[in-house]
Amino acid sequence: DFSFSLGATTALSLPPGGTQTVSITIDRSKTGTPYTQPIMFTLNVPNTITGSGVTATFTPNPATAGNTSMAVAIGTTGAAAGNYTLQVVGVGGSGATAETFTVDLPLTVTAPKTTLLIDNDASDNNDDPTDTTATASLSDMTFPMLLQTNALAFNAFIEPSGSTGTALSQNTVDHGGPDNGPYTTIVYYTGDLFGGNTTLSSSDELILESWLDEGGHTLLVFSENLVYDIGTGDWTTPETDQTSVFLADYVGAAGDAADGDLNHVNYTATGVTGTPFAAQSYKVAKDYMGLASTADVINPATGTDALVTAMETPKGATAALAAPVVVGRKGVGAKKTSQVIYVGMPIEDIVMTNGTNSNADLFLAILKYAGLK
């Protein structure tokens with residue numbers, strides 16, 4: 001019989017590079033006489049974990065009371081995602097009377113979250129990002145659901161309403177905090193609010209451009225008012241203004257138009273042949289749940305792919321045409337290895353009917369085009 005026993009208050013679950021603290025309880029009343037010897041702790045790690053592996057720091061160590069705190073750190077290499085069993089070993093006393101008690105501690109190593117969801121739709125939660133009781137907007141409900149449906153683990157960044165972009169930092173898009181790997185994908189949505197640089201501030205543009213310049217990154221932008229805010233809004237006028245560099249060099253616009261015929265109406269958009277959107281159509285419901293059913297369209301420059309179109313007569317065009325409401329551009333950024341997909345229609349307003357597709361179908365096609373699925 002042992003004079004003492006050990007127990008862990010919770011299992012471990014963390015990504016490579018992460019840390020977690022667990023309380024180890026000590027029962028010193030296993031016999032009629034309380035066990036008073038100090039207990040020295042170590043952690044046994046399975047040999048399937050190599051490299052920088054798993055380390056633990058116990059405080060206090062040795063322990064003389066009823067518990068010790070164990071801080072566990074997962075190295076950035078050597079622990080693949082999966083389930084493991086660690087062993088917490090406590091040795092009480094010393095010499096011939098020393099006693100050793102071992103307790104198993106489950107460890108789940110999770111995959112790093114490499115997707116960042118940026119919420120910039122100026123809804124209730126953007127007024128106070130710390131308010132967990134704020135009413136979720138249609139956009140706030142749609143995008144997390146689409147990411148979860150496609151098994152894309154993500155972190156969310158809520159941009160405060162009225163922010164000039166200073167809330168979003170280079171550190172946010174590059175690192176995502178100590179418990180996550182570098183973000184390689186960003187999903188940026190702005191909802192239906194516009195004006196006053198609500199959709200994309202100049203600071204946000206510079207940060208996203210710098211992140212894309214690093215190479216190997218994917219940016220998905222969902223905003224039916226991006227052109228309204230930062231574009232020239234003319235189908236044949238090139239984007240040469242400094243504030244429109246994002247549209248010209250990263251989205252790949254040779255011209256663009258805001259709303260036009262697609263302004264608070266029901267309309268249908270169609271996938272382009274030869275793309276993952278082929279044979280699909282999407283019915284946009286007029287101002288569904290209060291979200292404006294407008295559209296900003298892009299006149300694609302050479303190297304920019306038209307992915308989904310809708311019929312309208314953009315400002316500067318002489319006749320109705322199949323104007324791209326979803327475009328993709330690969331090989332962007334300083335290293336020419338990043339990509340941007342811009343969605344200029346509100347996918348939140350898409351309703352699935354007989355013969356048409358859902359917003360989930362559209363989102364999956366975007367992921368396939370980007371090589372994420």
Side-chain angles (χ1 to χ4, degrees), residues 1-114 116 128-133 144 148 153-158 171-172 175-183:
D1 292 338
F2 291 97
S3 300
F4 68 93
S5 64
L6 307 175
T9 58
T10 185
L12 292 165
S13 179
L14 62 168
T19 60
Q20 185 178 343
T21 299
V22 175
S23 179
I24 305 299
T25 60
I26 305 170
D27 182 356
R28 293 177 173 271
S29 302
K30 298 294 289 182
T31 64
T33 304
Y35 188 73
T36 59
Q37 294 294 316
I39 299 173
M40 179 66 71
F41 287 91
T42 56
L43 181 68
N44 285 342
V45 179
N47 58 14
T48 51
I49 297 178
T50 60
S52 52
V54 178
T55 58
T57 302
F58 295 89
T59 307
N61 196 21
T64 58
N67 61 76
T68 187
S69 178
M70 181 180 68
V72 176
I74 302 292
T76 55
T77 62
N83 298 313
Y84 303 89
T85 299
L86 309 179
Q87 290 184 324
V88 179
V89 180
V91 179
S94 60
T97 61
E99 296 184 37
T100 301
F101 191 93
T102 301
V103 61
D104 289 344
L105 178 61
L107 164 67
T108 298
V109 178
T110 60
K113 294 179 181 178
T114 58
L116 176 65
D128 180 6
T130 65
D131 182 4
T132 58
T133 65
Q148 291 162 3
F154 67 93
N155 287 324
F157 175 83
I158 303 172
N171 183 67
T172 303
H175 305 294
D179 294 341
N180 304 284
Y183 293 122

Which residues satisfy the side chain to side chain contact (heavy atoms under 4.5 Å, CB included) test with Thr48, sequence neighbours excluded?
-> Pro46, Tyr84

Point-to-point distance, once rounded to the nearest 0.5 Å, from CG of Leu6 to OG1 of Thr102 = 8.0 Å

Shortest non-hydrogen contact from Pro15 toward Ile74 = O-CB, 3.7 Å

Does Thr25 reach the main-chain N or O of Gly7 with its side chain, forming a donor-acceptor pair under 3.5 Å?
-> yes

When Leu86 is tested against each of Val103, Asn44, Asp104, Val54 for side chain to side chain contact (heavy atoms under 4.5 Å, CB included), which residue passes?
-> Val54

Compare all side-chain heavy atoms of Met40 with those of Asn61 and state whether any distance is below 4.5 angstrom.
-> yes

Value rounded to 0.5 Å, distance of CD1 in Ile26 from CD1 in Ile39 = 4.5 Å

Candidate pair Met70 and Leu105, rule side-chain contact (heavy atoms from CB on, under 4.5 Å), full reasoning | CA-CA 11 Å; Met70 181 180 68; Leu105 178 61; 3.2 Å; yes

Check the pair Leu14 / Leu107 against side-chain contact (heavy atoms from CB on, under 4.5 Å), numbers first and verdict last.
-> CA-CA 8 Å; Leu14 62 168; Leu107 164 67; 3.7 Å; yes

Using 30° and 60° as the class limits, which term best fits the ring planes of Phe4 and Phe101: parallel, tilted or perpendicular?
-> tilted

Do Thr68 side-chain atoms and Pro60 backbone N/O form a donor-acceptor pair below 3.5 Å?
-> yes

Between Thr19 and Val72, is any pair of side-chain heavy atoms under 4.5 Å apart?
-> no

Would you check if the side chain of Arg28 reaches a backbone N or O of Gly66 as a donor-acceptor pair within less than 3.5 Å?
-> no

Check for a donor-acceptor pair, side chain of Thr114 on one end and backbone N or O of Tyr183 on the other, with a separation under 3.5 Å.
-> no

Gap between atom CG of Asp27 and atom CG of Asn67 - 0.5 Å precision | 12.0 Å

So OG1 of Thr110 and CG of Leu12: to nearest 0.5 Å the spacing works out to 11.5 Å

Sidechain-backbone polar pair: Gln20 side chain, Ala11 backbone, donor-acceptor under 3.5 Å | yes

Which heavy-atom pair separates Ile24 from Phe41 by the least distance, and what is that distance?
-> CG2-CE2, 4.0 Å

Would Phe154 and Lys113 count as a side-chain contact (heavy atoms from CB on, under 4.5 Å) if you check the C-alpha gap in whole Å, the side-chain angles of each, and the deciding distance to 0.1 Å?
-> CA-CA 5 Å; Phe154 67 93; Lys113 294 179 181 178; 5.9 Å; no

With sequence neighbours left out, what residues match Thr50 under side chain to side chain contact (heavy atoms under 4.5 Å, CB included)?
-> none

Between Gly93 and Tyr35 the two heavy atoms that sit nearest each other are N-OH, 3.3 Å

Note, Pro106 side chain near Asn83 side chain (heavy atom, < 4.5 Å) = no

Between the CZ atom in Phe2 and the CD atom in Glu99, the distance rounded to the nearest 0.5 Å is 7.0 Å

Closest non-hydrogen atoms of Ala79 and Ile49, given as atom of the first, atom of the second and distance, are CB-CG2, 4.1 Å

